[in-house]
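Input: a single structure, listed below in structure tokens.
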Amino acid sequence: MRIFQIGFNDCGEASIAHLLHKSGVRTLYGPGRYWHLQGHPAVARRNVQRIIARNIDEGRPAIASFEDFQAFCGMEFAQNGWVIENFRHFATLAEEHRDALFILNTCDSDDWLARRIARDDGLYLDDAMQRTGMSRRGVLNLWRDDFHRHHAMVREYFYARPKALFEFDIARHNAKDLARFLRPAARVWPRFYRAAAPLPSARHAA
């Protein structure tokens, strides 16, 4: 049974990946750097997210060649002005893995914006402004709208399959809640969850 984290970055995705990995769940996080360093043959000298995106584009199963892994977190990659966001293909993943469990990690949208503004000392925001040609305010409005739209799409899709989705609010839920949800697929230990550091609200940052 597969596990997919399908929320945005800067919203506890690293904490979820750490919880799974330390609990013994074979987890691919982001481009797969950890497993590359471990010499895993499926990941060596390959960017996991690029391969998944290519698989989807060319009609192959999304996680083809990564069947050795049970959980997939941080399903995106950004570099040199372009962005891969494989978590947006949740419907494809759900159709290919009918018994999979999905984690929509979430939080207050203004708190999420604050984390994104602070990411990489502001370079993440600067890169988005250059890529889109938008002002700071324009990018923040774009991100806010995208955040709510993605959540609405996920909720609508899983409306008929409520047991397959857990909307994990990193401010409201705790690791025990997540562990209970994941129990059909894997036994995880809440003590390994590392909560994201709080940041000031972005309500006045735009």
Side-chain angles (χ1 to χ4, degrees), residues 1-44 46-49 51-52 55 61-77 84-90 92-108 111-112 115 119 150-151 154-155 158 161-199:
M1 184 181 290
R2 309 288 181 187
I3 300 166
F4 296 99
Q5 172 256 313
I6 56 171
F8 286 92
N9 62 5
D10 299 309
C11 197
E13 80 286 353
S15 298
I16 294 169
H18 186 263
L19 167 67
L20 291 165
H21 173 71
K22 294 295 288 185
S23 296
V25 180
R26 192 170 285 250
T27 303
L28 267 178
Y29 176 60
R33 177 174 172 78
Y34 172 82
W35 290 104
H36 168 73
L37 294 174
Q38 299 302 309
H40 193 288
V43 182
R46 305 174 80 195
N47 183 310
V48 170
Q49 299 310 319
I51 299 300
I52 291 176
N55 286 341
I63 63 169
S65 78
F66 303 119
E67 294 88 351
D68 192 31
F69 297 92
Q70 183 180 4
F72 296 79
C73 298
M75 297 185 70
E76 68 173 283
F77 181 73
I84 293 172
E85 295 179 318
N86 290 319
F87 65 90
R88 296 184 186 274
H89 297 287
F90 57 85
T92 297
L93 296 167
E95 292 304 314
E96 292 179 351
H97 305 276
R98 298 294 297 180
D99 63 346
L101 297 178
F102 292 80
I103 304 166
L104 177 62
N105 50 303
T106 187
C107 63
D108 177 85
D111 291 339
W112 173 71
R115 291 188 174 90
R119 184 183 180 92
H150 178 68
H151 282 61
V154 170
R155 290 165 185 153
F158 285 101
R161 298 171 60 183
K163 293 184 178 179
L165 176 71
F166 181 42
E167 192 166 331
F168 179 57
D169 189 321
I170 62 174
R172 186 165 58 90
H173 296 113
N174 58 48
K176 290 182 180 179
D177 298 321
L178 186 56
R180 281 192 292 269
F181 170 73
L182 293 172
R183 194 161 295 160
R187 188 173 183 84
V188 300
W189 304 98
R191 68 177 180 272
F192 293 127
Y193 182 78
R194 301 186 303 191
L199 286 172

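The chain is numbered in sequence order, starting from 1. It should be emphasised that the depicted structure is a prediction, and the values quoted were computed from it without experimental measurement.
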Verify side chain to side chain contact (heavy atoms under 4.5 Å, CB included) between H97 and I63, making sure each step is shown before the conclusion.
CA-CA 10 Å; H97 305 276; I63 63 169; 3.6 Å; yes
Any E67 side-chain heavy atom under 4.5 Å of P61 side chain
no
Could you tell me if the side chain of S65 sits less than 4.5 Å from the side chain of R46, heavy atoms only?
yes
Expected output: side-chain N174 to main-chain D177 donor-acceptor under 3.5 Å
yes
Rounding to 0.5 Å, atoms CD1 (I3) and CG (L20) come to a distance of 5.5 Å
Ignoring hydrogens and angles, tell me if any N or O in the side chain of W112 forms a donor-acceptor pair with the backbone of N9 under 3.5 Å.
yes
Side chains of N86 and Q49: is there a donor and an acceptor less than 3.5 Å apart?
yes
Looking at every heavy atom in both A62 and N55, which two are closest together, and how far apart are they?
O-ND2, 3.1 Å
Return the minimal non-hydrogen interatomic distance between A179 and P190, and the atom names on each side.
CB-CG, 4.1 Å
Working to the nearest 0.5 angstrom, can you tell me the gap between R191 CZ and K22 NZ?
9.5 Å
Between F102 and F90, does the ring centroid distance fall short of 6.0 Å?
no
When rounded to the nearest 0.5 angstrom, what distance separates CD in E76 from CD1 in I52?
12.0 Å
Has the side chain of H150 got a donor or acceptor atom that lies under 3.5 Å from a matching backbone atom of R88?
no
Please answer whether the main-chain N or O of G7 pairs with a side-chain N or O of Q5 as donor and acceptor at a distance below 3.5 Å.
yes
Assess the residue pair M75 and L93 against the criterion (side chain to side chain contact (heavy atoms under 4.5 Å, CB included)); give the C-alpha distance rounded to whole Å, side-chain angles, the decisive distance to 0.1 Å, and a yes or no.
CA-CA 12 Å; M75 297 185 70; L93 296 167; 4.1 Å; yes
Measure across A171 and D169 and return the closest heavy-atom pair with its distance rounded to 0.1 Å.
N-OD1, 2.9 Å
I want to check something: taking the side chain as every heavy atom from C-beta on, are H40 and R26 in contact at a cut-off of under 4.5 Å?
yes
Please lay out, stage by stage, how L178 and H173 fare under the test side chain to side chain contact (heavy atoms under 4.5 Å, CB included).
CA-CA 8 Å; L178 186 56; H173 296 113; over 6 Å; no
Are the aromatic rings of F8 and F87 close, with centres under 6.0 Å apart?
yes
Measure from the side-chain N and O atoms of H36 to the backbone N and O of N47, and report whether any donor-acceptor pair falls under 3.5 Å.
no
Parallel, tilted or perpendicular: which one describes the rings of F168 and F166, with boundaries at 30° and 60°?
tilted
Closest non-hydrogen atoms of A164 and F181, given as atom of the first, atom of the second and distance, are O-CZ, 3.6 Å
With the side chain counted from C-beta on, respond yes when V43 and L28 share a heavy-atom pair under 4.5 Å apart, and no when they do not.
yes
Using a 6.0 Å cut-off, check whether atom CZ of R161 has over 12 heavy atoms from anything other than its own residue.
yes
Side chains of I170 and S15, heavy atoms from C-beta outward: is any pair under 4.5 Å?
no
For V48 and G32, work out which heavy atoms get closest and say how close.
CG2-CA, 3.9 Å
Do V188 and V25 touch side chain to side chain, with heavy atoms closer than 4.5 Å?
yes
Is the closest side-chain heavy-atom distance between Y29 and E13 below 4.5 Å?
yes
Determine, step by step, whether C107 and R115 satisfy the side chain to side chain contact (heavy atoms under 4.5 Å, CB included) criterion, reporting the C-alpha distance in whole Å, the side-chain angles of both residues, the deciding distance to 0.1 Å, and the verdict.
CA-CA 11 Å; C107 63; R115 291 188 174 90; 3.9 Å; yes
For the backbone of T27 and the side chain of W35, can you confirm whether one donor and one acceptor N or O come within less than 3.5 Å of each other?
yes
Ignoring hydrogens, what is the shortest heavy-atom contact between M1 and A100? Give both atom names and the distance.
CG-CA, 4.3 Å
